[in-house]
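Throughout, a chain's letter reflects where its sequence line sits, starting with A, and its residues are numbered from 1.
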Amino acid sequence: MPVALQLLPPRSTAELALRAEALTGRTLSELADALGVELPTEPKRAKGAVGQLIERALGACGGCAPGPDFAALGVELKTIPVGADGRPRESTFVCTIAPFEIAYEEWPSSRVRAKLSCVLWVPIALAPPRRIQRPRLWRPSPAQERALREDWEELAGLVATGALEQLTAHRGRVLQVRPKAAHGRVRTLAPGPEETPLFALPRGFYLRARFTAGILADLEPGCG
DNA sequence: GATTGATCATAC
DNA sequence: GTATGATCAATC
């Protein structure tokens, strides 16, 4: 059994892009073997395992400090499951919502914008043998940022004004608000109507698959 | 088949 | 419990 491998963080985005590119075509189990880690066999228990595997493979600090996965580069890593057509099959978690603090955020300084300012997308085929597709280093285009900003301003406004319980995942064209919790009994304090705080299920921002599909489709090889 | 709401693992 | 990493599974 090989000893778990720990890479040093990449020192430049060019080095990161090179490392990522080298993963193209490999399967998750090949990668897991090479790194000496085991992937959960039961899919239900494997949530998050893929992201953590790729983190290790690229030298991200993996679950240590808050902030971008590649802190020195300001790059966030996201794995994304794709179908045979290359399109995303799931939404993408962006960040949790701090219900009271969000009233004091503006888009330019928002957590959503910060998270999405520079992302390395690593698409992975959903169907066995789970091959890694060509990674994309991405920054939002002006049009993409406008779309994100419009949704964020609407959604953040609803949260800040006490409408969290009326806010469903239907809202937002590219960004949406959905539960983000260990289980359904978790509660956090949030602004409520009539200036009365309420206990609500914690929520987070997610990118709709239609938005990430645009990212994966628009970026040609080497763009990043 | 796509989407929404709920959930699962790990580290601190 | 909080935060990071996401996908599951019931529902539309």
Side-chain angles (χ1 to χ4, degrees), chain A residues 4 6 9 28 31-32 35-71 74-102 111-112 114-116 119-128 130 132-133 135 151 155 158-159 164-190 199-216:
Chain A
Q6 180 57 61
L28 293 184
L31 199 54
L35 294 176
V37 303
E38 269 187 41
L39 292 175
T41 50
E42 196 181 341
K44 185 172 164 182
R45 299 189 175 283
K47 300 180 185 181
V50 174
Q52 288 159 6
L53 178 67
I54 303 298
E55 282 180 347
R56 296 187 61 149
L58 294 177
C61 73
C64 20
D69 297 287
F70 300 98
V75 176
E76 177 74 17
L77 175 66
K78 290 289 183 191
T79 60
I80 184 164
V82 296
D85 55 4
R87 294 175 63 87
R89 285 292 180 269
E90 280 289 353
S91 54
T92 301
F93 173 69
V94 179
C95 63
T96 53
I97 295 175
F100 283 104
E101 295 171 25
I102 203 166
R111 298 175 62 198
V112 171
K115 270 282 184 188
L116 299 179
V119 179
L120 177 65
W121 297 94
V122 181
I124 296 168
L126 198 49
R130 308 294 326 266
I132 299 167
Q133 315 293 309
D151 282 351
L155 298 170
L158 289 169
V159 173
L164 186 62
E165 298 293 40
Q166 284 72 51
L167 212 187
T168 71
H170 295 279
R171 210 97 182 214
R173 290 178 303 164
V174 299
L175 198 64
Q176 63 183 168
V177 170
R178 304 225 305 275
K180 171 62 174 174
H183 52 78
R185 306 180 84 92
V186 180
R187 288 294 182 276
T188 191
L189 213 49
F199 283 102
L201 189 61
R203 318 295 170 98
F205 285 110
Y206 292 77
L207 294 175
R208 291 184 180 280
R210 76 169 65 112
F211 183 78
T212 49
I215 295 172
L216 298 185

Taking the minimum atom-to-atom distance to the side chain of D69(A), which one of dA6(B), dA9(C), dT4(C) wins? dT4(C)
Using a cut-off of 4.0 Å on non-hydrogen atoms, how would the nucleic acid contact of S91(A) be classed: base, sugar-phosphate, or nothing? base
So G48(A), base contact, sugar-phosphate only, or nothing? Heavy-atom distance under 4.0 Å. base
Quick check for you: among dC8(C), dT4(B), dA6(C), whose closest atom lies nearest to any side-chain atom of Q176(A)? dT4(B)
Rounding to an integer number of Å, can you tell me how far K47(A) NZ sits from dT7(C) P? 10 Å
Backbone of F93(A) reached by a side-chain donor or acceptor of K78(A) within 3.5 Å: yes
Heavy atoms under 4.0 Å, any strand shown: does A49(A) hit a base, just sugar-phosphate, or nothing? nothing
What does E42(A) touch in the nucleic acid at a heavy-atom separation under 4.0 angstrom: a base, only the sugar-phosphate, or nothing? nothing
Roughly, in whole Å, what's the span from CZ in R173(A) to C1' in dT3(B)? 18 Å
Is Q176(A) reaching over with its side chain to a backbone N or O of Y206(A), donor-acceptor style, under 3.5 angstrom? no
With a 3.5 Å cut-off and no angle check, do the side chains of R111(A) and T96(A) form a donor-acceptor pair? yes
Are the side chain of D69(A) and the backbone N or O of A60(A) linked by a donor-acceptor pair below 3.5 Å? no
Please evaluate the base of dT7(C) for a donor-acceptor partner in the side chain of K44(A) within a cut-off of under 3.5 Å? no
Pick the closest DNA chain B nucleotide for R185(A) and for H170(A) by heavy atoms, then say which residue is nearer the 5' end. H170(A)
For R187(A) and dT2(C), give me the distance from atom CZ to atom P, rounded to whole Å. 13 Å
Map L201(A) and R89(A) onto DNA chain B by nearest heavy atom, then report which one ends up closer to the 5' terminus. R89(A)
Tell me the interatomic distance from R203(A), atom CZ, to dA3(C), atom P, rounded to whole angstroms. 17 Å
I need the CD-C1' distance between E90(A) and dT7(B), as an integer number of Å. 12 Å
Could you give the NZ-to-P distance, from K115(A) to dT4(C), as a whole number of Å? 6 Å
Under 4.0 Å between a side-chain N or O of T79(A) and OP1 or OP2 of dA6(C)? yes
Shortest side-chain distance from Y206(A), nucleotide among dA6(B), dT4(B), dG5(C): dA6(B)
Return whichever of C95(A) or L126(A) has its heavy-atom-nearest nucleotide of DNA chain C closer to the 5' end. C95(A)
With no angle test and no hydrogens, is the base of dG5(B) tied to the side chain of K180(A) by a donor-acceptor pair under 3.5 Å? no
Which whole-number value in Å describes the distance from E101(A) CD to dA3(C) C1'? 14 Å
5′-ward residue of the pair P81(A)/T96(A) relative to DNA chain C: T96(A)
Against the side chain of Q52(A), the closest entry in dT4(C), dT7(B), dG5(B) is dT4(C)
Quick check on R89(A): does its CZ atom have over 12 non-hydrogen neighbours (other residues, nucleotides or ligands) under 6.0 Å away? yes
V174(A) side chain reached by R208(A) side chain, heavy atoms, under 4.5 Å: no
Interatomic distance where CG belongs to L28(A) and C1' belongs to dA6(C) [whole Å]: 13 Å
Could you check which of dT3(B), dA6(C), dT7(B) has an atom nearest any side-chain atom of R208(A)? dT3(B)
